[in-house]
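Atoms within each ligand, like the ligands themselves, are counted from 1 in listed order.
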Amino acid sequence: MLKPNHDLAAMLRRHAIEPLVFVVSMSNKGKVNIMAAGWNIKCSYDPPMIAVALRKEGYTQKLIHENPEFVLAVPTKGQEDALEYVGSNSGLIVDKSKSNLITLDSATKVKVPIISDARLNFECKVRNIISTGDHYMIVGEVIAALYDKDKPQLFYAGRTPEGKRVYKSLKTHFHDE
Ligand SMILES: Cc1cc2nc3c(=O)[nH]c(=O)nc-3n(C[C@H](O)[C@H](O)[C@H](O)COP(=O)(O)O)c2cc1C
(Lines give C-alpha, C1' and ligand atoms only; values in the text may rest on other atoms or scores of the structure.)
Protein backbone atom coordinates (compact mmCIF):
# COMPACT_ATOMS: atom_id res chain seq x y z
CA MET A 1 0.00 0.00 0.00
CA LEU A 2 1.24 3.51 -0.79
CA LYS A 3 2.12 5.68 2.20
CA PRO A 4 3.02 9.38 2.38
CA ASN A 5 6.43 10.71 3.44
CA HIS A 6 6.55 14.43 4.17
CA ASP A 7 10.34 14.64 3.75
CA LEU A 8 10.02 15.40 0.04
CA ALA A 9 13.77 15.77 -0.59
CA ALA A 10 14.21 12.25 0.83
CA MET A 11 11.47 11.09 -1.53
CA LEU A 12 13.35 12.58 -4.50
CA ARG A 13 16.40 10.58 -3.39
CA ARG A 14 14.27 7.43 -3.53
CA HIS A 15 13.54 8.13 -7.20
CA ALA A 16 16.99 6.74 -7.73
CA ILE A 17 17.52 4.90 -11.01
CA GLU A 18 19.45 7.47 -13.01
CA PRO A 19 21.10 7.57 -16.45
CA LEU A 20 24.36 8.67 -14.93
CA VAL A 21 26.84 10.81 -16.90
CA PHE A 22 30.15 12.56 -16.51
CA VAL A 23 29.97 16.33 -17.05
CA VAL A 24 33.26 17.79 -18.27
CA SER A 25 33.80 21.56 -18.13
CA MET A 26 36.72 23.95 -18.54
CA SER A 27 37.66 27.42 -17.32
CA ASN A 28 38.65 30.21 -19.71
CA LYS A 29 42.25 29.54 -18.67
CA GLY A 30 41.99 25.85 -19.66
CA LYS A 31 41.48 24.23 -16.23
CA VAL A 32 39.43 21.06 -16.78
CA ASN A 33 36.94 19.63 -14.29
CA ILE A 34 34.82 16.49 -14.25
CA MET A 35 31.79 15.60 -12.10
CA ALA A 36 29.10 12.88 -12.00
CA ALA A 37 25.48 13.82 -12.69
CA GLY A 38 22.43 11.60 -12.55
CA TRP A 39 19.98 14.47 -13.10
CA ASN A 40 20.12 14.77 -16.86
CA ILE A 41 17.60 14.49 -19.67
CA LYS A 42 17.28 14.72 -23.46
CA CYS A 43 14.98 17.66 -24.17
CA SER A 44 14.89 18.25 -27.97
CA TYR A 45 15.67 16.32 -31.18
CA ASP A 46 15.65 19.39 -33.46
CA PRO A 47 17.91 21.03 -32.56
CA PRO A 48 19.37 18.18 -30.48
CA MET A 49 19.43 19.31 -26.84
CA ILE A 50 20.31 17.89 -23.45
CA ALA A 51 19.83 19.39 -19.95
CA VAL A 52 21.62 18.66 -16.71
CA ALA A 53 20.84 19.90 -13.18
CA LEU A 54 23.92 21.11 -11.29
CA ARG A 55 24.17 22.06 -7.62
CA LYS A 56 24.68 25.79 -7.15
CA GLU A 57 27.58 25.26 -4.69
CA GLY A 58 29.51 23.04 -7.14
CA TYR A 59 32.50 24.03 -9.25
CA THR A 60 31.08 22.72 -12.56
CA GLN A 61 28.27 25.27 -12.78
CA LYS A 62 30.79 28.02 -12.09
CA LEU A 63 33.00 26.87 -14.97
CA ILE A 64 30.01 26.52 -17.31
CA HIS A 65 28.90 30.08 -16.49
CA GLU A 66 32.47 31.20 -17.33
CA ASN A 67 32.91 29.12 -20.51
CA PRO A 68 29.45 28.12 -21.82
CA GLU A 69 30.17 24.69 -23.21
CA PHE A 70 30.43 21.20 -21.74
CA VAL A 71 30.80 17.54 -22.62
CA LEU A 72 28.29 15.04 -21.32
CA ALA A 73 29.81 11.53 -21.38
CA VAL A 74 27.78 8.36 -20.80
CA PRO A 75 29.89 5.93 -18.74
CA THR A 76 30.61 2.27 -19.35
CA LYS A 77 31.39 -0.76 -17.21
CA GLY A 78 34.70 -0.28 -15.41
CA GLN A 79 34.18 3.44 -14.76
CA GLU A 80 32.54 2.94 -11.35
CA ASP A 81 35.61 4.13 -9.41
CA ALA A 82 35.98 7.17 -11.65
CA LEU A 83 32.33 8.12 -11.03
CA GLU A 84 32.76 7.68 -7.27
CA TYR A 85 35.84 9.87 -7.36
CA VAL A 86 34.50 12.73 -9.49
CA GLY A 87 31.10 12.44 -7.79
CA SER A 88 32.40 12.84 -4.26
CA ASN A 89 35.24 15.36 -4.65
CA SER A 90 34.82 18.96 -5.74
CA GLY A 91 37.06 20.68 -8.25
CA LEU A 92 37.01 23.59 -5.81
CA ILE A 93 39.37 21.45 -3.66
CA VAL A 94 41.11 18.90 -5.93
CA ASP A 95 42.20 18.85 -9.58
CA LYS A 96 40.20 15.83 -10.74
CA SER A 97 41.57 16.06 -14.29
CA LYS A 98 44.94 14.78 -12.97
CA SER A 99 43.43 11.49 -11.74
CA ASN A 100 44.53 8.33 -13.54
CA LEU A 101 40.91 7.12 -13.26
CA ILE A 102 39.95 9.55 -16.05
CA THR A 103 41.18 9.40 -19.65
CA LEU A 104 40.66 12.69 -21.47
CA ASP A 105 41.08 13.41 -25.17
CA SER A 106 40.40 16.35 -27.51
CA ALA A 107 36.81 16.93 -28.54
CA THR A 108 35.93 17.65 -32.17
CA LYS A 109 33.88 20.89 -31.88
CA VAL A 110 34.34 22.29 -28.35
CA LYS A 111 37.43 23.19 -26.33
CA VAL A 112 36.33 21.04 -23.37
CA PRO A 113 37.83 17.52 -23.64
CA ILE A 114 35.90 14.27 -24.01
CA ILE A 115 36.27 11.11 -21.89
CA SER A 116 37.80 8.74 -24.41
CA ASP A 117 36.84 5.45 -22.75
CA ALA A 118 33.15 6.35 -22.23
CA ARG A 119 30.30 4.81 -24.25
CA LEU A 120 29.02 8.10 -25.67
CA ASN A 121 30.29 11.69 -25.65
CA PHE A 122 28.02 14.64 -26.43
CA GLU A 123 29.79 17.93 -27.17
CA CYS A 124 27.46 20.75 -26.12
CA LYS A 125 27.15 24.53 -26.34
CA VAL A 126 25.06 26.13 -23.60
CA ARG A 127 21.79 27.61 -24.89
CA ASN A 128 19.97 28.35 -21.63
CA ILE A 129 20.54 28.32 -17.87
CA ILE A 130 17.48 28.12 -15.65
CA SER A 131 17.63 28.60 -11.89
CA THR A 132 15.68 25.71 -10.29
CA GLY A 133 15.88 26.08 -6.50
CA ASP A 134 19.25 24.85 -5.28
CA HIS A 135 20.33 23.73 -8.79
CA TYR A 136 20.89 25.31 -12.19
CA MET A 137 19.33 23.50 -15.13
CA ILE A 138 21.95 23.84 -17.85
CA VAL A 139 20.48 23.33 -21.31
CA GLY A 140 22.99 22.51 -24.03
CA GLU A 141 22.74 22.03 -27.77
CA VAL A 142 24.58 18.91 -28.89
CA ILE A 143 26.88 19.92 -31.73
CA ALA A 144 28.86 16.68 -32.03
CA ALA A 145 28.61 13.13 -30.70
CA LEU A 146 31.06 10.23 -30.51
CA TYR A 147 30.27 6.66 -29.48
CA ASP A 148 31.52 3.10 -29.10
CA LYS A 149 28.67 0.69 -29.73
CA ASP A 150 30.46 -2.24 -28.10
CA LYS A 151 30.60 -0.62 -24.67
CA PRO A 152 27.72 -1.39 -22.27
CA GLN A 153 26.06 1.55 -20.51
CA LEU A 154 26.60 2.06 -16.79
CA PHE A 155 23.81 3.62 -14.75
CA TYR A 156 23.13 4.50 -11.13
CA ALA A 157 20.74 2.13 -9.38
CA GLY A 158 20.40 3.62 -5.86
CA ARG A 159 22.05 2.44 -2.65
CA THR A 160 22.52 -0.74 -0.62
CA PRO A 161 20.90 -0.87 2.88
CA GLU A 162 24.34 0.25 4.20
CA GLY A 163 24.29 3.34 1.95
CA LYS A 164 26.86 2.19 -0.64
CA ARG A 165 26.10 3.43 -4.17
CA VAL A 166 25.09 0.71 -6.65
CA TYR A 167 26.07 0.89 -10.32
CA LYS A 168 24.71 -1.52 -12.94
CA SER A 169 25.69 -2.04 -16.54
CA LEU A 170 23.44 -3.02 -19.40
CA LYS A 171 24.40 -3.99 -22.94
CA THR A 172 21.90 -2.34 -25.25
CA HIS A 173 22.00 -2.15 -29.03
CA PHE A 174 21.83 0.76 -31.42
CA HIS A 175 18.98 -0.76 -33.43
CA ASP A 176 19.17 1.92 -36.15
CA GLU A 177 22.75 1.03 -37.11
C1 LIG B 1 25.89 8.87 -8.71
C2 LIG B 1 26.03 10.35 -8.53
C3 LIG B 1 25.12 11.22 -9.14
C4 LIG B 1 25.22 12.61 -8.97
N5 LIG B 1 24.34 13.45 -9.60
C6 LIG B 1 24.48 14.79 -9.49
C7 LIG B 1 23.65 15.68 -10.24
O8 LIG B 1 22.82 15.27 -11.05
N9 LIG B 1 23.83 17.02 -10.05
C10 LIG B 1 24.78 17.52 -9.20
O11 LIG B 1 24.89 18.75 -9.08
N12 LIG B 1 25.58 16.70 -8.49
C13 LIG B 1 25.47 15.35 -8.64
N14 LIG B 1 26.31 14.51 -7.97
C15 LIG B 1 27.29 15.08 -7.05
C16 LIG B 1 28.47 15.75 -7.76
O17 LIG B 1 29.05 14.90 -8.72
C18 LIG B 1 29.48 16.12 -6.67
O19 LIG B 1 28.89 17.08 -5.80
C20 LIG B 1 30.80 16.65 -7.24
O21 LIG B 1 31.72 16.70 -6.19
C22 LIG B 1 30.65 18.04 -7.86
O23 LIG B 1 31.90 18.38 -8.36
P24 LIG B 1 32.33 19.87 -8.73
O25 LIG B 1 32.21 20.70 -7.47
O26 LIG B 1 33.77 19.68 -9.17
O27 LIG B 1 31.43 20.35 -9.80
C28 LIG B 1 26.24 13.14 -8.15
C29 LIG B 1 27.17 12.26 -7.55
C30 LIG B 1 27.07 10.88 -7.76
C31 LIG B 1 28.09 9.96 -7.14
Legend entry - Residues clustering with M137 (ILVMFWY side chains joined when closer than 4.5 Å, directly or via others):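 M137 clusters with I41, M49, I130, V139.
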
Inset, instruction - Using a strict cut-off of less than 4.0 Å between a Lys/Arg side-chain nitrogen and an Asp/Glu carboxylate oxygen, indicate whether K125 and E141 qualify as a salt bridge. - result: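 No.
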
Legend entry - Pair K164 + E162: basic N to acidic O under 4.0 Å: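 A salt bridge is absent here (no side-chain N lies under 4.0 Å from a carboxylate O).
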
Under 3.5 Å, which donor-acceptor pairs do the side chains of residues 72-81 form with other protein atoms, sequence neighbours left out?
from, atom 1, to, atom 2, distance (Å)
T76, OG1, P152, O, 2.5
Q79, OE1, T76, N, 2.9
Q79, NE2, D117, OD1, 3.1
E80, OE1, G78, N, 2.9

Legend entry - is_close_aromatic(Y147, F174), centroid dist under 6.0 Å: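 Yes, ring centres under 6.0 Å apart.
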
Legend entry - salt bridge (Lys or Arg N to Asp or Glu O under 4.0 Å) contacts in which one or both residues fall within residues 5-22, not counting sequence neighbours: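 Found none.
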
List, for ligand 1, each N/O atom that has a protein N/O partner under 3.5 Å away, with both atom names and the distance.
from, atom 1, to, atom 2, distance (Å)
ligand 1, 5 (N), G38, N, 2.9
ligand 1, 8 (O), G38, N, 3.1
ligand 1, 8 (O), W39, N, 2.9
ligand 1, 9 (N), A53, O, 2.9
ligand 1, 11 (O), R55, N, 2.7
ligand 1, 14 (N), A36, O, 3.2
ligand 1, 17 (O), A36, N, 3.3
ligand 1, 17 (O), A36, O, 2.7
ligand 1, 19 (O), R55, NH1, 2.9
ligand 1, 21 (O), N89, O, 2.9
ligand 1, 23 (O), K96, NZ, 3.0
ligand 1, 25 (O), Y59, N, 2.9
ligand 1, 25 (O), S90, OG, 2.6
ligand 1, 26 (O), N33, ND2, 2.8
ligand 1, 26 (O), G91, N, 2.7
ligand 1, 26 (O), K96, NZ, 2.8
ligand 1, 27 (O), Y59, N, 3.3
ligand 1, 27 (O), T60, N, 2.9
ligand 1, 27 (O), T60, OG1, 2.5

